[in-house]
Amino acid sequence: MINIGIVGLGGMGTVHYHNYRHIDGCRVVAAVCNTEEGKERAKKFGLTPYASVEEMAEKERIDCVDVCTPTYLHKQHVMEALKLEKHVIVEKPIALRKKDAEEMYALAEEQNRLLFVGHVLQFTKETEILREAVESGKYGKPLDGYFWRLSATPKWSSGSWLFDKEKSGLIPFDLHIHDLDLIISLFGKPKSFTYTSCGREGLPYKEAYRIQYGFDGLHVTAEAAWYNAGIPFRAGWRIYLEDGLIEYDGEKVVLFPPEGEAKVFDLKEDVLIPTGINLPPTGMFYRELSHFIDCMAKGIPSEWVGREQVLAAIEILENFRK
C-alpha cells in the first residue's frame with residue numbers, strides 16, 4: 001500500500017484526493033494545509049492537516065508526496081519531500097525555469113526516488129488516439145498541426161498569484177504548456193519556434209499568443225489566450241497527415257480519410273470520477289494518477305511524462321518570460 005500525503009488542498013489537491021479514493025494500492029493519509037479553507041477541507045476528508053512536509057513525514061508513514069500548491073511553491077515542496085526520501089508527484093508546470101526543474105530531477109536521482117509531473121493531457125482518450133495514429137504511421141507522416149487552448153480571463157482568480165508573471169508564468173505556463181508537452185511527446189523537441197502576442201494597453205501581461213514550431217517536414221501552430229470576452233473554455237487540435245486528417249474539436253475525434261466515410265472514435269471513459277470542484281466528472285485524472293501509482297509500485301519512471309520531455313518544454317517556455 002502506497003501512503004500519500006497531499007500538499008495543498010485547493011482545487012487540484014481536492015481533485016487528486018477524490019481520484020485516489022478509487023485507485024487500488026494507495027491511500028491518502030494526511031495533508032499539508034496553510035489556509036483555513038484547506039484545514040477545514042482536510043478535516044472534512046478525515047485527514048490530519050499539517051503545517052509542513054517535514055512535520056507530516058515525521059508524524060505519518062508517507063511513501064509519496066503529491067504537491068498541488070501554486071507554481072511558485074513547487075520547488076520548495078518538491079525538494080523538501082525528496083530530501084526526506086519520498087517519491088513525488090507535482091502538478092504542472094514543475095517550475096518556471098529549467099534550472100529549477102533540473103535541480104529537482106537531480107535530487108530525485110540522488111535520493112533514488114521517482115519524480116512525476118502532472119501533465120494530465122497525456123492521459124486523455126483523445127491523446128491516446130492521436131498518439132497511436134502518429135506513432136503507428138498508418139496514415140503516413142504528419143505534415144501540419146494546429147493546437148488551440150482558449151478561455152475567458154479567469155476572473156475568479158483576479159488579484160491572485162495566477163496573474164503574477166514571477167509566480168505563475170501566465171498564459172504560456174498555465175495554458176499553452178499542456179499543448180507544448182503533447183507536441184513534444186508526439187514530434188520531439190522543435191528545431192525552431194517563433195511567437196506573437198497581443199493584449200489590451202495597461203495590462204501587465206499579454207492576453208493572446210500564437211506560436212509557430214518548426215520540425216523537419218512538419219509545421220505546428222498553437223494558440224493560447226485569456227480573452228476579455230465571455231467565451232466558454234475550448235481546446236482541441238487538428239493534424240494533417242499524408243493519408244488523411246484527424247481532428248479533436250473538444251467533444252469528438254474524427255478521422256477524415258482521402259476517400260470514403262469519416263471515422264468517429266469512441267471517447268467514452270471506462271471510469272468517471274467526480275472532481276469535487278467545478279469540473280465535470282472525468283477519467284483523465286484517474287488514468288494519470290493510476291499510472292503514477294503503478295510506476296511507483298514497479299519502481300520505474302513514467303513512459304508518458306519523462307524528464308527530457310518536461311525539461312524541453314520548460315526550456316522553450318522560459319523564452320516567453322523575457
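Side chains are part of it too, since the values below use all heavy atoms of this structure and drop only hydrogens, waters and symmetry mates. Since we're looking at a predicted model, the values are computed, not measured.
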How close do [X] and [Y] get, heavy atom to heavy atom, and via which atoms?
X      : Y      : answer
Ile171 : Ala208 : CD1-N, 4.3 Å
Pro281 : Leu272 : O-CD2, 3.7 Å
Pro93  : Ile314 : CB-CD1, 4.4 Å
His74  : Ile94  : CB-O, 3.4 Å
Leu186 : Val134 : O-CG1, 4.1 Å
Ser302 : Cys295 : CA-SG, 3.9 Å

Heavy-atom donor-acceptor pair, [X] side chain to [Y] backbone, under 3.5 Å:
X      : Y      : answer
Thr14  : Gly10  : yes
Arg287 : Phe123 : yes
Thr153 : Lys155 : no
His87  : Leu114 : yes
Thr275 : Leu279 : yes
Thr127 : Leu121 : yes
Glu318 : Lys98  : yes
Glu223 : Leu150 : no
Glu91  : Cys68  : no
Asn319 : Ile316 : yes

Electrostatic pair [X]:[Y] at N-O distance under 4.0 angstrom:
X      : Y      : answer
Lys75  : Glu103 : yes
Lys138 : Glu132 : yes
Asp270 : Lys268 : no
Asp216 : Lys191 : yes

Do [X] and [Y] share a hydrophobic cluster, counting only Ile, Leu, Val, Met, Phe, Trp and Tyr and linking them when any side-chain heavy atoms are less than 4.5 Å apart?
X      : Y      : result
Phe193 : Trp148 : no
Phe285 : Phe116 : no
Val15  : Val29  : no

Take atom [atom1] in [X]; do more than 12 heavy atoms of anything else shown fall under 6.0 Å from it?
X      : atom1 : answer
Glu55  : CD    : yes
Arg131 : CZ    : yes
Glu54  : CD    : no
Lys83  : NZ    : no
Glu303 : CD    : yes

Side-chain donor-acceptor contacts of residues 229-238 below 3.5 Å, not counting sequence neighbours, with atom names and distances?
none

Calculate, to the nearest 0.5 Å, the distance between atoms [atom1] and [atom2] belonging to [X] and [Y] respectively.
X      : Y      : atom1 : atom2 : value
Asp164 : Leu170 : CG    : CG    : 7.5 Å
Leu255 : Ile129 : CG    : CD1   : 10.5 Å
His16  : Arg21  : NE2   : CZ    : 15.5 Å
Thr69  : Trp161 : OG1   : CH2   : 8.5 Å
Leu47  : Leu9   : CG    : CG    : 6.5 Å
Glu242 : Tyr240 : CD    : OH    : 8.5 Å

query: Checking salt bridge (charged side-chain N to carboxylate O under 4.0 Å, His left out) for the pair Glu37/Lys43: CA distance, chi angles, key distance, verdict?
result: CA-CA 10 Å; Glu37 182 182 4; Lys43 293 174 183 176; over 6 Å; no
message: side-chain contact (heavy atoms from CB on, under 4.5 Å), that's the test. Do Leu115 and Val78 meet it? Break it down for me.
response: CA-CA 9 Å; Leu115 173 57; Val78 168; 4.1 Å; yes
Can a donor-acceptor pair be found between the side chains of [X] and [Y] at a distance below 3.5 Å?
X      : Y      : value
Thr194 : Gln212 : no
Asn228 : Glu207 : no
His119 : Glu288 : no
Tyr50  : Glu58  : no
Glu60  : Asn3   : no
His219 : Asp144 : no

Is there a side-chain contact between [X] and [Y] (heavy atoms, below 4.5 Å)?
X      : Y      : result
Lys141 : Leu241 : no
Lys86  : Cys64  : no
Tyr146 : Val220 : no
Gln122 : Gln309 : yes

- prompt: Hey, does the Lys NZ or Arg CZ of Arg307 hover above the aromatic six-ring of Tyr105, less than 6.0 Å from the centre and inside 45° of the axis?
  reply: yes
Candidate pair Leu245 and Ile239, rule side-chain contact (heavy atoms from CB on, under 4.5 Å), full reasoning: CA-CA 6 Å; Leu245 183 145; Ile239 309 297; over 6 Å; no
message: Tell me if the centroids of the rings in Phe292 and Tyr20 come within less than 6.0 Å of each other.
response: no
- request: Let me see the working for Ile184 and Val310 under side-chain contact (heavy atoms from CB on, under 4.5 Å), right down to the final yes or no.
  value: CA-CA 9 Å; Ile184 292 171; Val310 170; over 6 Å; no
task: Check the angle between the aromatic planes of Phe320 and Tyr209 and answer parallel, tilted or perpendicular using the 30° and 60° thresholds.
output: tilted
task: Check the pair Trp226 / Phe163 against ring-ring contact (aromatic ring centres under 6.0 Å, His included), numbers first and verdict last.
output: CA-CA 11 Å; Trp226 289 339; Phe163 289 89; 5.3 Å; yes
- request: Begin from the C-alpha positions of Tyr17 and Ile6 and carry the test side-chain contact (heavy atoms from CB on, under 4.5 Å) through to its verdict.
  value: CA-CA 8 Å; Tyr17 169 78; Ile6 298 178; 3.9 Å; yes
- request: Please name all residues satisfying side-chain contact (heavy atoms from CB on, under 4.5 Å) with Tyr286, sequence neighbours left out, ordered by chain then number.
  value: Asn19, His22, Ile23, Val271, Ile273, Ser290
message: The test is side-chain hydrogen bond (donor to acceptor under 3.5 Å, both in side chains); show your working for Ser52 and Glu80 and say whether it passes.
response: CA-CA 9 Å; Ser52 68; Glu80 287 175 0; over 6 Å; no
